[in-house]
Amino acid sequence: MNNKLKIKISVRNLNIYYGKFLAIKNITLDIPERSITAVIGPSGCGKSTFLRALNRMNELLPDVKTEGEVSIDGRNIYSPDVDLVKLRRNVGMVFQRPNPFPKSIFENVAFGLRIQGIRDRERIEETVELSLRRAALWDEVKDKLYKSALELSGGQQQRLCIARALAVQPQVILMDEPASALDPIATLRIEDLMRELKEEYTIVIVTHNMQQAARVSDFTAFFLTDEDRAGMLIEYGNTSDIFTMPKDPRTEGYITGRYG
Amino acid sequence: MNNKLKIKISVRNLNIYYGKFLAIKNITLDIPERSITAVIGPSGCGKSTFLRALNRMNELLPDVKTEGEVSIDGRNIYSPDVDLVKLRRNVGMVFQRPNPFPKSIFENVAFGLRIQGIRDRERIEETVELSLRRAALWDEVKDKLYKSALELSGGQQQRLCIARALAVQPQVILMDEPASALDPIATLRIEDLMRELKEEYTIVIVTHNMQQAARVSDFTAFFLTDEDRAGMLIEYGNTSDIFTMPKDPRTEGYITGRYG
Amino acid sequence: MRFKEKIYLSLTALATLIIIGLLSYIIFDILKNGIGVITWEFLSQPPREGMTKGGIFPAIYGTLVRTLLMLVFVVPIGVFTAIYLNEYGRGSNFSKWIRLAINNLASVPSIVFGLFGMGFFVLFLRLGAGLLSAALTIGILTLPIVVVSTEEALRAVPNSYREAGFALGATKWQVIRSIVLPQALPGILTGAILSVGRGMGEVAPLLFTGVAYYLPYLPSSIFDQFMDLGYHIYIMTTQSFNIELTRPIQYGTALVLLMLTLSFNIIAIFIRYRMRRKRS
Amino acid sequence: MVNPRHIFDEEIRRLRTDLLRMGTLAREAVDKSIKALVNRDSSLAEEVIVGDDIIDKMDLDIEMKCMELIARQQPMARDLRVIGTILKTITDLERIADHAVDIAKIVKILADQPPLKPFIDIPKMCEISLSMLDDALKAFVNEDTELARKMCERDDLVDALYDQVFRELLTYMMEDPKAVVRALYLIFIARFLERVADHATNVGERVVYMITGVLKELNV
Amino acid sequence: MVNPRHIFDEEIRRLRTDLLRMGTLAREAVDKSIKALVNRDSSLAEEVIVGDDIIDKMDLDIEMKCMELIARQQPMARDLRVIGTILKTITDLERIADHAVDIAKIVKILADQPPLKPFIDIPKMCEISLSMLDDALKAFVNEDTELARKMCERDDLVDALYDQVFRELLTYMMEDPKAVVRALYLIFIARFLERVADHATNVGERVVYMITGVLKELNV
Amino acid sequence: MEVREKLAYIIISLLASVAIISVILIFIFIARESLPIFFNPEIKKEANLRVFFFTRDWQPISLIPKYSFIPLIVGTVKVTIVAIVIAFPLSLGAALFTSEFIPGKFREIIKPVIELFSAIPSVVLGFFALMNIATWVQVLFHASSRLNAVTAGFALAFAVIPITYTICEDALNTVPRELREASIALGATKWQTAVKVVLPAASGGVFAGIMLGLARAMGETMIVLMVSGNAAQITLSFLDSVRTIPATIAAEMGEVAFGSAHYATLFFLGLLLFSITFVINYIASTLLERTQKRLRGER
Ligand SMILES: Nc1ncnc2c1ncn2[C@@H]1O[C@H](COP(=O)(O)OP(=O)(O)OP(=O)(O)O)[C@@H](O)[C@H]1O
Ligand SMILES: Nc1ncnc2c1ncn2[C@@H]1O[C@H](COP(=O)(O)OP(=O)(O)OP(=O)(O)O)[C@@H](O)[C@H]1O
Ligand SMILES: [Mg+2]
Ligand SMILES: [Mg+2]
Ligand SMILES: O=P([O-])([O-])[O-]
């Protein structure tokens, strides 16, 4: 792990329970700023659960209990005085299936501003354009901003969702298998975009696709379940190391397709 | 293309229309016996349509028109006197998502026999066991044959679906993205099974995952859409050749992730 | 922000509470005033003394028989209509028309069914005003319930099951019979039960199709007139000689009817709940 | 449970067998060429020269196989290092076989000429070099880093022998102009053997890399 | 539209640049070693010897980069061939640089001794070999199979020159025992240059493979 | 095999056409009985469109029968308005509450409980209204008569709530979870998510819910028959007794002479009711379908 990088998110002894079921167990890791960190592992090992712990989305589900600490910029986001709304603005999220609102392209991106009560038309327009540009979508949609977002292709929709997340100026972007519903070319474009975005944002991505983690990420965390089906962090390090010489034989087994 | 192999399926000038929309255009190719042929190409290029033309499953949809010839063992399956039920028994199919019937494991495999009116308990039991063995599932399920098939894991379910298809003794097995809903390990096991099955069956598989086509198939057909969004066969040949030195620059572009 | 949020949330909670409160109050009121009336005699005896005494057995009997009769018509028709809609005629013009018709039947006022029943079954087909005409009329009224319920169940059967069936060489009817229908059974059952619950409580369509104010005997054929719980309530509360005096009977009858319809609905809800849980 | 990658493993195994066969062939070529030298056996030398085609073909085959395996199986981590090792090792083996051919060609020239002196050091060099190669291949098969490391150490012996042979033959050359040609050729042979040892060392280094993921020179 | 694999292309481009730089370094090492020979310039020779570390390091770096790229980007078809070509070519370049070192080492030994004769053929061999290398690298950059094929043909020239030098120096040695050592070293140098040309040929063959997918020897 | 397949198809198609045939028959038979209004010269004199819509009184059994629909329409509109005004905010509020604000388990309970409302037969509701609501209304508004438009509308609301609630809740609930999560992840509050994302996405369904509730209110018979007071009069006050179209048919059809002008008029009222609900239903189901398609079509 490169020590020169500033740590953005620091997770300490994180346990998450669904009811009585321990879904992830004692996860401790540091996610560096302005980099892409991939979380990989077999189905059910708690990748999504971990990711959703980083913006407290798990709390939308009933009966979830979280123990341990997640600090962003040194502040524990689980301390009781944290403003959830602010937290979630600061930590954007992109989901597995593109999920634009059934509104116009413009309104999708403007949504985050509008709910903040911003009315200033000019400012909104500026932000929308900027966000769409950052999401590498502007050129493709600038002539149809007021068309329904549902008319876009899957890959475009996913970039729109990224633009929508960018519009509220987050610092961290979480992505849960953002390309699993896309075809290979659209996938590569999303990955490309991620690489551009990491210049400014800290990106954490969950992916089923090891090749994708290998292609796109700077750091890789490998999760696995123990006998009780609780997810654990097995290995965490530079992506190149993980994919060329992992330290843990279970990592080796998994990435070479032998473990399971 | 290896000329020594016997041709099992021969497709000649196949055109398929959905209403007025030409979905695949003038496809001609020969699929050799006892081998795995992969169909790859970007989304919407007509891979599924092509596959479903091989057992006339397209006809379940309203308003589909098929032109041209598809011969299996030299007999055109589109000639009017073909018995659809027999054809489909001869050409098995495995789908994208594992879709075992919500019955017991045993009944799933026995289904094909039962609808043929076979009552002989012993014969059914034999066939079920044999099919499960062929699908490399017997050892995992032999103690719970009468449990619901839905209790199996995704990968096991998919192998069950393969066993179910095998039970009616097909010669050809069509698979439409059979592993796209599975995790990497389960995927590899299915691929493994395919390699075993090709000793006896002719397998045609559609896949989004080029790596999969590369790993598992003997021959690869690459489809692409033309300006009118009609799917065409761009290149067809030995999988090794396609993935190490494709002849058509569009194939090259696609498999190296540049085309789109 | 936080404060406003709480207000809005409380308002919606309040709406929910009001609804549930009213519902509970209705049930409570009828239960409280009716429970004392329910005796074996009340349930098993015919009315006496100009319906100011005695029981309501003929009304219970009439209601049950006409509902059962209705079921015999509505279930096969409803189920097969749903099968047609979902299995055979997907996207066809015919099924569009059927759907339009079903939707329409669901919202036609019940009194219009009454008119129709009288015009068609009673007068035109000369079935007379009796159990059969009433059952047929109510059957058409509840047809949408069976169709919608069954269709929902059929639709929940993943298409991939059908495709798998076809790919194994099954014919259409084999696929429907051996894969689709067994899967949809709970849904069909739900539909049937719901239609019973609904049919039992309907009064307006009966008004001109065979319901009787008072009958000294039980109907002996399906063409005979009959007494009915709902109608009995209506009569007793609005047309009887001494409305105040028969109050207990009114409550008792209402309670019996309410318990019948409620229990059928609860059973249906329970089946549906289990069905949905199993699916997910 | 069955290993889900057993097909890939099978292919790798086959590749490794091929590599070993190639190694054995190369080894034998060198052995034969020196035997031919000692026994002044032109026909054995010719055999070596002709046999090289097989090794060249194997080189090409294995390389293409490796590329195909990379293209089709997306190996990672250890799997990839194995393939990388094979890819590089075949180059060394091919070079070793080439050196055997070089030697054999000289043997054919020398065959007409009287022997300069009894061969002692050169067969010794050959023996050590080949033992190094043997060990390198054995280390490859058994994934034995220890053996690989040890075997590399012997390169110094070969180098020392080479120096000795070189000086000795130089003396011959200076003393007797008639010996010049023969001595020169023998120096070349010694040099080739020294190179064989170098290539064997390379193989050893690769084996260590394959197992540990760290590539470094084991004998500078 | 943007090329969705532009990151990968960028990495490949960088690798190619690295390879070219390595090629240039190797080329210069050879050039310098021969210049040092001609000018009897020990310090230049020393420079070559010291400089080899850089090339060895580049070899390792590029190889690791290639492996990482394979592990992380799953290249196929042409992309994969490019990486395969780079992987093999660096071995040749590294060998070329090693030969430069071998030459430089000899230059240092010869520096104390009087020159045997003016150098004509050896610089010429060097010139042709390096021109072959230059063309091979140019062919690599421009993906020019024609150039690659043509450049391989010149290997024959180098071989002929080597034979000539060899014979000439042999004569020297037989005539004058005092010349033996110097002549022997010069033969070695000629031999090294001949190998440089061989390696350049290899590079040319690889370039053709990279572009066409067919690997065959262009000059046997 | 072939034969069995064909047979199955034929039988199923036949049974499936029952619904269409029923609707057509309903229309034909109701229209048939009301035709005399247009074609029977005798009847036409007493009952015709002009009379229906441009006179003021509904007195069908007076010596000179008067067949104005206006008081009936006024009555129907009044009770409908009351019913909707009560039912709609409650239904939508409860729908929002169940689909947006309470965790899964409670929803599983609350929703069926509210839907149980639809299990209460309308006579029972009418009876309850007669016993209780009428008193409440009288106490609350000091109405002169216990049975009036407010009482009837209030009681009708009970019949409307389950329909509107169910349809709205279903519509809200078909909005994919991902949309809500997306909104929450952007920092929206639950209320903002509900109002700015979920409601607009489900707007078609919500509107359909209102429309169908409306249709139910207009068409409901027994409740109004029991608690509306049944006085056909044209007044502005909601606290006056009213007579609605369905109640009129129900009350009078029993005593009417077969084939008389009154008879035909009642059928014509039925035809009117049928047509109105037909149109409302058509609009609503189109809306519903479109919403569902939009919400599903996006994936
Ligand atoms: N809402 C929930 N209630 C109960 N258990 C849950 C819930 N969500 C997830 N789980 C369980 O928690 C574990 C981790 O789930 P999670 O979704 O985080 O896995 P994942 O690694 O993202 O898997 P996948 O790759 O399939 O998305 C699993 O065993 C899962 O069954
Ligand atoms: N039932 C249908 N009706 C009309 N058009 C259809 C239908 N099914 C497919 N198509 C169209 O036919 C074309 C080919 O579809 P097909 O499903 O065969 O593509 P595919 O290559 O399998 O794509 P994917 O990889 O997304 O599965 C597409 O343009 C698709 O929109
Ligand atoms: Mg997940
Ligand atoms: Mg498809
Ligand atoms: O390949 P080499 O001639 O340098 O051993």
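In the text below, chain A, chain B and the rest are named by the order of the sequence lines, each starting its count at 1.
Smallest separation of non-hydrogen atoms from C:G169 and B:R89: O-NH2, 3.4 Å. In plain terms, the two heavy atoms of B:F111 and C:S178 that are nearest each other are CE1-OG, 3.4 Å. Across B:N55 and C:A167, no two heavy atoms sit closer than the pair ND2-CB, 4.5 Å. Between B:N99 and C:A164, the shortest heavy-atom distance links the atoms ND2-CB, 3.5 Å.
For NZ of B:K142, the number of neighbouring non-hydrogen atoms (other residues, nucleotides, ligands) closer than 6.0 Å is greater than 12. Taking a 6.0 Å sphere around CD of B:Q169, one finds it holds 12 or fewer heavy atoms contributed by other residues, nucleotides or ligands. Residue B:Y18 places its OH atom among more than 12 non-hydrogen atoms of other residues, nucleotides or ligands, all under 6.0 Å distant. With a 6.0 Å radius and a threshold of 12 heavy atoms from other residues, nucleotides or ligands, B:F21 has its CZ atom above the threshold. Shown here is B:W138, whose CH2 atom has more than 12 heavy atoms of other residues, nucleotides or ligands within 6.0 Å. Taking a 6.0 Å sphere around CZ of C:R90, one finds it holds more than 12 heavy atoms contributed by other residues, nucleotides or ligands.
With chain C as the partner, the residue from B:R56, B:M93, B:M57 showing the most heavy-atom pairs under 4.5 Å is B:M57. The choice from C:S92, C:P182, C:P158, C:A170 that makes the most heavy-atom pairs within less than 4.5 Å of chain B is C:A170.
With a 4.5 angstrom heavy-atom cutoff, B:V94 does not touch chain C via any of its atoms. For chain C, the nearby part of B:K103 is the side chain; its heavy atoms alone come within less than 4.5 Å. Interface remark: B:P100 contributes backbone atoms only to the contact with chain C (heavy atom separation under 4.5 Å). Both the backbone and the side chain of B:F101 come within less than 4.5 Å of a heavy atom of chain C. The part of B:L150 that comes within reach of chain C is its side chain, from C-beta onward, which places non-hydrogen atoms under 4.5 angstrom from that chain.
Residues meeting the side-chain contact (heavy atoms from CB on, under 4.5 Å) test with B:S180, sequence neighbours left out: B:Q96, B:E177. A search for side-chain contact (heavy atoms from CB on, under 4.5 Å) contacts involving B:A110 returns B:F106, B:E107, B:R114, B:I124, B:V128, not counting sequence neighbours.
B:R52 and C:E163 are joined by a salt bridge, as a carboxylate oxygen and a charged side-chain nitrogen come within less than 4.0 angstrom of each other.
For the atom pair OG1 of C:T171 and CZ of B:R88, the computed distance is 10.5 Å after rounding to the nearest 0.5 Å.
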| Residues C:L168, B:R164; criterion side chain to side chain contact (heavy atoms under 4.5 Å, CB included); working and verdict | CA-CA 8 Å; C:L168 289 168; B:R164 184 176 64 185; 3.6 Å; yes
